[in-house]
Number of protein chains: 2
Amino acid sequence: MSANSRLTVAVHVLTWMVLDRREGHEVATSERIAGSVNTNPVVIRRCLGDLRKAGLVEARRGTGAGWVVTRDPESITLLDVYEALDEGGLFGMHNARPNQSCPVGFGIQPTLRQVYDGLEDAMRKQLAGTTIADVLRDVLARQRE
Amino acid sequence: MSANSRLTVAVHVLTWMVLDRREGHEVATSERIAGSVNTNPVVIRRCLGDLRKAGLVEARRGTGAGWVVTRDPESITLLDVYEALDEGGLFGMHNARPNQSCPVGFGIQPTLRQVYDGLEDAMRKQLAGTTIADVLRDVLARQRE
DNA sequence: GGCGCTGTAACCTTGTGAGTTACACAGAGG
DNA sequence: CCTCTGTGTAACTCACAAGGTTACAGCGCC
């Protein structure tokens with residue numbers, strides 16, 4: 001379970017919902033989504049809960065309940081999705097505080113913080129360049145391969 | 001244990017070794033390094049083992065044993081360090097294979113693979129822009145703050 | 001051979017994601 | 001007002017990986 005599949009699942013979910021909507025379904029249920037992702041509906045609901053907090057989807061309750069995407073898929077970037085999940089940063093600092101009486105131990109964390117911030121920035125710019133609509137287009141194009 | 005501190009530790013180790021060398025010490029022992037990182041010597045040896053496989057450091061044995069950095073710190077980029085650790089990718093795919101009879105389930109993985117490769121690339125370019133010498137310079141500059 | 005440190009194996013602990021079960025809650029429709 | 005469907009969440013288990021620790025064999029200079 002080393003690598004995080006949460007972004008993968010979230011993008012899968014949104015892409016699926018957009019396609020499902022396009023095929024005429026009013027709402028998507030966590031159970032049907034789970035059928036495509038191949039996992040448990042609760043895992044999907046947890047994911048959708050994060051996306052809802054970020055305003056990307058909405059839940060309807062009562063009869064005919066389910067989920068809808070609230071924004072134009074052209075306007076949802078993978079950065080929006082990434083931020084909705086609030087993952088911890090890519091790289092972490094030391095577990096134990098390094099020796100503060102050693103010059104390196106004292107200065108290394110602020111220095112690396114700066115480096116890691118630059119990395120996150122580069123990654124965000126890259127993520128911002130792809131939208132859910134792009135992903136859906138690409139996914140559908142692969143059907144013919 | 002969410003975030004990986006392995007890159008942080010590896011950079012700390014190399015930076016410390018360069019400074020230690022500059023202060024006149026022939027070799028560095030895992031125990032002394034562990035004193036700065038504030039962890040167990042075995043953890044440091046494991047880290048140094050990875051760096052050795054990548055040719056960044058060398059171990060000497062017998063009396064006066066220890067470790068030396070084999071390359072000019074100006075020539076060691078953080079990308080070299082990152083690659084020495086061979087981490088898994090930043091984001092993982094689904095744990096269970098998505099439903100292949102669903103268009104999204106079928107096409108999503110190759111699509112995301114391409115997106116994630118782009119991310120890794122951006123991150124690598126960023127990492128390649130900083131050297132151990134840069135880090136040491138920055139670390140020492142922070143002593144006066 | 002003694003000594004100091006490397007190089008690893010083996011083990012424990014802990015944090016976390018994923019999967020699962022269970023159930024209270026919402027709300028449309030009869 | 002009762003039923004039915006699906007949300008929203010808590011609680012639990014399982015698997016895994018990193019970090020920490022102990023232990024010990026190996027190496028090579030003295």
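Each chain gets a letter, A, B and so on, in the order its sequence line appears, and its residues count up from 1. Everything quoted here is computed from the prediction, not taken from an experiment.
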- prompt: Want to settle it: does A:Arg61 or B:Thr29 sit nearer the 5' end of DNA chain C, counting the closest nucleotide to each?
  reply: B:Thr29
query: Any salt bridge between B:Arg137 and B:Asp134, counting N to O under 4.0 Å?
result: yes
field: Co-membership, hydrophobic cluster, residues B:Phe91 and A:Leu79, 4.5 Å side-chain
entry: yes
- line: Per nearest nucleotide of DNA chain C, the residue lying toward the 5' end, A:Gly62 or B:Lys53, is B:Lys53
message: Taking any heavy-atom pair under 4.0 Å as a contact, classify A:Arg52: base, sugar-phosphate, or nothing.
response: sugar-phosphate
message: With a 4.0 Å limit, can you tell me whether B:Ser5 has a side-chain N or O closer than that to the phosphate oxygens OP1/OP2 of D:dG19?
response: yes
Rounded interatomic separation in angstrom, taking CZ from A:Arg60 and C1' from C:dG27: 13 Å
N or O in side chain of A:Arg46 less than 4.0 angstrom from C:dG17 OP1/OP2: no
statement: From the list A:Thr39, A:Asn38, A:Val37, side-chain contact (heavy atoms from CB on, under 4.5 Å) with A:His12 holds only for A:Val37
task: Calculate the interatomic distance between A:Leu85 atom CG and C:dT16 atom P; express it in whole Å.
output: 16 Å
- prompt: Once you round it to whole Å, what is the distance between P of D:dG20 and NE2 of A:His94?
  reply: 10 Å
query: Nearest-Å distance, CZ (A:Arg32) to P (D:dT7)?
result: 10 Å
- prompt: What is the nucleic acid contact for B:Gly66, judged by heavy atoms within less than 4.0 Å: base, sugar-phosphate only, or nothing?
  reply: sugar-phosphate
message: Under 4.0 Å between a side-chain nitrogen and a carboxylate oxygen: does that hold for B:Lys125 and B:Asp121?
response: yes
task: Return the value, rounded to whole Å, for the distance between atom CG of A:Asn95 and atom C1' of D:dG20.
output: 9 Å
- prompt: Where do A:Trp16 and A:Leu19 land on the side-chain contact (heavy atoms from CB on, under 4.5 Å) test, with the steps shown first?
  reply: CA-CA 5 Å; A:Trp16 188 92; A:Leu19 180 61; 5.8 Å; no
Interatomic distance, B:Ile33 CD1 vs D:dG20 C1' [rounded to whole Å]: 17 Å
task: Figure out the CD/P separation between B:Glu31 and D:dT22, and round it to whole Å.
output: 13 Å
message: Could you tell me how far apart B:Met93 (CE) and C:dG17 (C1') are, to the nearest whole angstrom?
response: 17 Å
C:dT6 OP1/OP2 closer than 4.0 Å to side-chain N/O of B:Ser30: yes
- prompt: Heavy atom of residues 34-45 of chain A under 4.0 Å from DNA chain C: which residues?
  reply: A:Thr39, A:Asn40, A:Val42, A:Val43
- request: Could you tell me whether A:Asp117 and A:Arg113 make a salt bridge, using a distance below 4.0 angstrom between a side-chain N and a carboxylate O?
  value: yes
task: Please check if atom CZ in B:Arg124 has more than 12 non-hydrogen atoms from other residues, nucleotides or ligands closer than 6.0 Å.
output: yes
- request: Between D:dG28, D:dT7, C:dT6, spot the one nearest the side chain of B:Ala65, thanks.
  value: C:dT6
